[in-house]
Structures are given as C-alpha cells and as structure tokens.
Amino acid sequence: MIWQVLAAIPPGKVATYGQVASLAGVSGAARLVGRCLSQLPADTRLPWFRVINASGKISFPVGSDGYKRQVKRLQDEGVAVLNGRISLTTFRWQPDGAC
DNA sequence: CCGCTGACTTTCG
DNA sequence: GCGAAAGCCAGCG
C-alpha cells in the first residue's frame, strides 16, 4: 500500500508521512510509513524522496548521506530545498479534488 | 509477554 | 518556534 501511494505522488510535489499514511489507509501510522521507507532498497524506483515530515523538512540529519541523496533527487524533480526545508514554492501533494 | 526504539504527527504550554 | 507527552505500527531482545 505504502509503495502504491509513493508511486501515486506526482513529480515536483511532496507529501508528508501523515498524508501517505492516511492515503495508505493507516491514518495516524506515520511511523509505519517511515519504517517502511527505511526498509526500501537503495536501488528502488519508488520516489521515497518525495516524502517529508510535517515540518516540511527532510527526516534525515542535515549533511547526512541519505539527506544529500534525497535533496539531489528532489532538486532533480524540480523541488527547491532551502535551509534544509522544502521551499514554499513547492506545493504539497494533495488528493485530486482537494483544494 | 513486556519494553525499547524508530525516515512521524498533533496538541498544549 | 520549541520542548514535552500521547498516539500510532512493526521489529527485536
């Protein structure tokens, strides 16, 4: 389920763990999503880098290996990352129909 | 079976 | 804006 949701996230947009969890049907299980991502292989095609925490920041220590990788991917997708935080210019992904 | 831990979220002070 | 507490699910000792 989590993977399905990840794959459903359009490029250039990002979603929070809570969003993904909710869409996955496990509302409130944000930690579950995070745990699931941690299990994802390094060569996975899933856009796990589009998943961020509620603070709009990357859930990795700044300067960390995974952090840099995620930022690189995000920028490649067209997402701007400033101050270790997703630029406000990048709208969060929302289900179709939701404002 | 109990308790700790983890890529988290939300509310209260 | 930040720190603390409770809620959430799964894996491990």
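Letters go in sequence order (proteins before strands), and every chain restarts at 1. All of these numbers come straight from a predicted model, not from anything done at the bench.
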Notebook entry, point to check: Step by step, would you call A:Ile86 with A:Val81 a side-chain contact (heavy atoms from CB on, under 4.5 Å)?
Noted result: CA-CA 5 Å; A:Ile86 303 302; A:Val81 181; 4.0 Å; yes

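Sequence order on DNA chain C of the closest nucleotides to A:Lys57 and A:Gly28 puts A:Lys57 first from the 5' end.
Distance from the side chain of A:Arg35 is smallest to B:dG6 among B:dA7, B:dT9, B:dG6. Nearest to the side-chain atoms of A:Ser59 among the listed nucleotides B:dT10, B:dA7, C:dC9 stands B:dA7.
Taking atom CG on A:Asn83 and atom P on C:dG1, their separation rounds to 12 Å, with Å as the unit. Straight-line distance from the CG atom of A:Leu32 to the P atom of B:dT9: 13 Å, rounded to whole Å. We find that CD of A:Gln39 is positioned 11 Å from C1' of B:dA7, with the value rounded to whole Å. Atom OH in A:Tyr17 sits roughly 17 Å away from atom C1' in B:dT10 (whole-Å rounding). Per the geometry, NZ belonging to A:Lys68 stands 18 Å off P belonging to B:dA7, to the nearest Å. Atom CZ of A:Arg69 and atom P of B:dA7 are 15 Å apart (whole Å). Rounded to whole Å, atom P of B:dT9 lies 11 Å from atom CD of A:Gln19. Residue A:Leu37 contributes atom CG, which lies 11 Å from atom P of B:dT9 at whole-angstrom precision.
One C1' atom belongs to C:dC8, the other to B:dG6, and the distance between them is 12 Å to the nearest Å.
Here the options are A:Thr89, A:Thr90, A:Asn83, the test is side chain to side chain donor-acceptor pair (under 3.5 Å), and the partner is A:Ser87; only A:Thr89 passes.
Using a distance-only test at 3.5 Å, with no hydrogens or angles considered, a donor-acceptor pair links the side chain of A:Ser38 to the main chain of A:Arg35. Although no hydrogens or angles enter the test, the distance criterion places no donor-acceptor pair under 3.5 Å between the side chain of A:Ser55 and the main chain of A:Lys57.
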